[in-house]
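Read through the structure below, which is laid out as structure tokens, and then see the notes.
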Amino acid sequence: MATVNGYQGNTPVATSTGSKHPAPTAKTADAQSVLKRLQSELMALMMGGDSGISAFPEEDNIFCWKGTITGSKDTVFEGTEYKLSLSFSNDYPFKPPKVKFETACFHPNVDVFGNICLDILQDKWSSAYDVRTILLSIQSLLGEPNISSPLNTHAAQLWSNQEEYRKMVEKLYKPPNA
Amino acid sequence: MESLTSSPVCNLGILTSLDNDSVQEILQSYDGFCTAANSLLKSSGDLSLEHDFVSHVHTLCKHGLHILSRDYFLRLLEEAFEKNGASRFWRYFEDYSKIEEDLEKIDEDEIQRVLCNALEEICLEKENQEKCLLMLVHALQSYMDNLTDGKPDFDVGKVYLFSKYQLIVSSILMANLPRHFPEVLHFYFKGRLEELSTIMDGELNEENEHRDRDEMDLDEKNKYRTGEMDIDECYSQDKFSENSKLVRNIGKVVRDLRNLGFTSMTEDAYASAIFMLLKAKVHNLAGDDYRSSVLASIKGWIQVVPLQFLNALLAYLGDSISFDQHSSGIKSPLASQPSSCYSGTNTPSEGLIRWKLRLEYFAYETLQDLRIAKLFEIIVDYPESSPAIEDLKQCLEYTGQHSKLVESFISALRFRLLTAGASTNDILHQYVSTIKALRTIDPAGVFLEAVGEPIRDYLRGRKDTIKCIVTMLTDGSSGNPNGSGNSGDSLLEELNRDEENQENVAIDDDFNTDDKQAWIDAQRWEPDPVEADPLKGSRNRRKVDILGMIVGIIGSKDQLVNEYRVMLAEKLLNKSDYDIDSEIRTLELLKIHFGESSMQKCEIMLNDLIDSKRTNTNIKATISKTSQIDPVAAETGISLDNLDATIISSNFWPPIQDEALVIPESVDQLLSDYARRFHQIKTPRKLIWKKNLGTVKLELQFEDKAMQFTVAPVHAAIIMQFQDQTSWTSKNLAAATGIPVDVLNRRISFWISKGVLTESLGTDPSDHVFTLVDGMIEAGKNSGNTGNCEELLAGDEEAERSVASVEDQLRKEMTVYEKFILGMLTNFGSMALDRIHNTLKMFCVADPPYDKSLQQLQSFLSGLVSEEKLELRDGMYFLKK
């Protein structure tokens, strides 16, 4: 982390942060620290080399990331790949980022718009979490859905029949265009 | 035909009034005239015939036929000259018609003899004919006198006749001129000049001491005019009396040749002979020795030989004004002496001055061409060859042919230096010498710019350039491995000098400089050479800065500083004492040139060493205080006294190579003890050992002798395993020392080469057995001498560097980029080159941040494509699935 901090004054991103998330000018110092935090998270994520999860900021805005997770082995989602979008606010990491599925995902806790019902993204959020843990949590959510509070009741009902569920996943799965 | 119209008797009316008697008289006297004229020419102006001749002429004139008689006489002369003079004259030279083909066979003495004889004869002939012509003139004259009682146009007639005759003579000779005659003349003059030069040289040697004294004084040399006077005065007395005969002979030949109308041909011949002689002299004097200045002696020679000769010649021929004054009276040999004519008028004749300028320019040009052609060698020998450079500088000031130098030197560089065979060190050394040498010739650095460019371009293409430069800059003592001079010293020296210069400049820039100084500066001002690039500022601002030009090769000082940091780290880590005086000095010098901030990290590194020294002493102090009997020391026989630590702030050091190594238990304990004490003193800081770095001084004791070594920790760890067990298989040893087998095999060769261990094949072919050599008898022979600490890391070639080299760092950087690229492609699918480039620029803020060019990225990406990590389709990069 120290190395990243060493270059704090040097990021071209600083100029374009306001485009999608207009921040009050009083919070520039905060925006700077968010920026640093996100940069160091990106660095850690890139160097970490976790397989099956990845994320990267969009071209000109470090507050908007694109994420990619692949279905874990030995789950019904094996062999699938889902795109996510993550958008961070100026309060990050004190507020969780907004995370949505960009690819349609047939899952009990994901609605048709891609919204995700995951506790750590709502009331259980802590500033100790980061992009990497979010992505890992979503990856594990795929294999272990919370059937008790479903957004997609059809999926929740079908979950008990893994074979049928697998067929449904395959039927609805549209691989993200490369 | 002015005389025709002016003649009172010549009009057409006279033809009608002619009667038979007159016709008869005319015919008779014409016959008589013809006979008389013929016999007159045959007898070469016999005076007895004069009376007869004159009366016939008178008769003809009386009838107004003087034109007829004159023309007839001239035609007779022409025929006679052609027959007796020209054809005979040319016959002398028939033998030399092949002169150009076999130059070896030329006998210059013979040419001289033949030429002299021929000239003598033809001149005699001409003289006789002139005598006859004069007779005709007299005859015509006396008739005219009778007619007019005065002498109105005698002169006109005489001058006219003689110039006509002269024209006839030269046109006859020219018409039959054999092609080789100029050659003959050339050889004649060459022979004569050489003879003269030999005489002069002989006398030069006699007077050598005197001359040497003259040449000692540089000022004297520059004002060679005065020097020449001296020389002339002391020699000319005896020298010239000997030479005057020779010169007079030549003078006579020249005068005869002029007399025959060969003026310009003669001048060409002796000019070319002089120039050839001068050229030979310059080549002879200049030769291949660049350690002495030859310009002065060439100038001296010009004064003594060709100019003396010309002076004498011109004086003899009466061309020089000064000569006229003296020679009008007596024709003594002394009269043609230059010294007397100098002292008389105190100015050499104009013709002589022109000759002198011509000769000097020619000498400058010849020497310059000679030096330029050998400039490469001269610069290789720099600074020993600086006299040759000085000569060249003076020549170029005269001739102004700097561009010739640039062109020729660049092509020499391309052929001889900028080739794969030349080592980078040599190229750099030559580059520095070139800068220094050309700075003498051209202080403004305009031509240096042009010459340096190809070298810089070439060096940029070499990988080890930066490394060599840094070594050159900082490593004064290590010298040049190829032995071609100690380049390191010279550069450091250069840095020092620049440092001093800067101080001087600072004073110069002060506004307090008085008017006098300003006036001196203004007087010294010279315009920039025409070739100067106006964009590069005027000469005052453009100081030739060697260091600047070297940094210019690399492009940026940052790269150089970075490389220096790596080398400094290497050097510091291998130090066993804390003596860093020379490093501090180097750093201070570098700071002056590159600024404090860029050298900050290096400064911290040096401070680390200073701090280490203090901390080390403190820790040692705690030992002696706390316990006299150290438990560890008692066990192993090694006490903390033997341990010196270099404590580094690793953030500011270049990345340090980590290498697995299990060091022997006893030493390990020592290290942790040291670390514990450090922690006590410096709480909350903790010491983390880099066990693979540093040096170990150890002594190996055998039954009959002891050997001392200074080695890397790896080597020490290996050999220490043999303390308890004299034979190890490589696998076991690798396990014991914690280093991979292949590394072990490489490292252990150090001990094998020292004769301490032997290697043999074990049962398992992949497993070697290393055994301690008993008694070290052969080992003593192998290692030659014992206790040589010096050969320590030298024997450990391609020495495992303790610090990651710049290339390694670069590779590491690139892996970071690779991960970023793979990461972004995972999320965005496909990306074009410039988008990857921009994204990296924006988000890759690793240390150091992404700073590659688009081209570098492209080549890196194509590397990834060939590694089958990426795919490239339609200008878009994809992940290879």
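The structure presented is a predicted model; accordingly, all values stated were derived computationally and were not measured. First the proteins, then the strands, lettered A, B, ... as listed; each starts at 1.
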Contact between B/Asn827 and A/Trp65 at the side-chain level, heavy atoms closer than 4.5 Å - yes or no? no
Inter-residue atom distance B/Met842.CE - A/Gln39.CD, 0.5 Å rounding: 10.5 Å
Hey, is CZ on B/Arg676 packed in by over 12 heavy atoms from elsewhere, all under 6.0 Å? yes
Quick one: closest heavy-atom pair of A/Lys66 and B/Phe828, and the distance? CG-CE2, 3.5 Å
Could you tell me whether A/Glu163 atom CD has more than 12 heavy atoms of other residues or ligands within 6.0 Å of it? no
Which atom pair, heavy atoms only, marks the closest approach of B/Gly823 to A/Ser54? O-OG, 3.7 Å
Residues 832-840 of chain B vs chain A, non-hydrogen distance cutoff under 4.5 Å, contacting residues -> B/Arg835, B/Thr839
For A/Glu144, look at atom CD and say whether over 12 heavy atoms of other residues, nucleotides or ligands are found less than 6.0 Å away. no
Over all heavy atoms of both residues, which pair between B/Val816 and A/Met43 is shortest? Give the atoms and the distance, please. CG1-CE, 3.9 Å
When rounded to the nearest 0.5 angstrom, what is the spacing between CG in B/Leu825 and OG1 in A/Thr68? 10.5 Å
Could you check whether any side-chain heavy atom of A/Met46 comes within less than 4.5 Å of a side-chain heavy atom of B/Phe843, counting everything from C-beta outward? no
Around atom NZ of B/Lys613, are there more than 12 heavy atoms of other residues, nucleotides or ligands at under 6.0 Å? no
Taking side-chain contact (heavy atoms from CB on, under 4.5 Å) as the definition, give me every residue that meets it alongside B/Phe652, ordered by chain and number, with sequence neighbours left out. B/Lys601, B/Ile604, B/Ser649
Gap separating the CG atom of A/Leu45 from the NZ atom of B/Lys819, nearest 0.5 angstrom: 11.5 Å
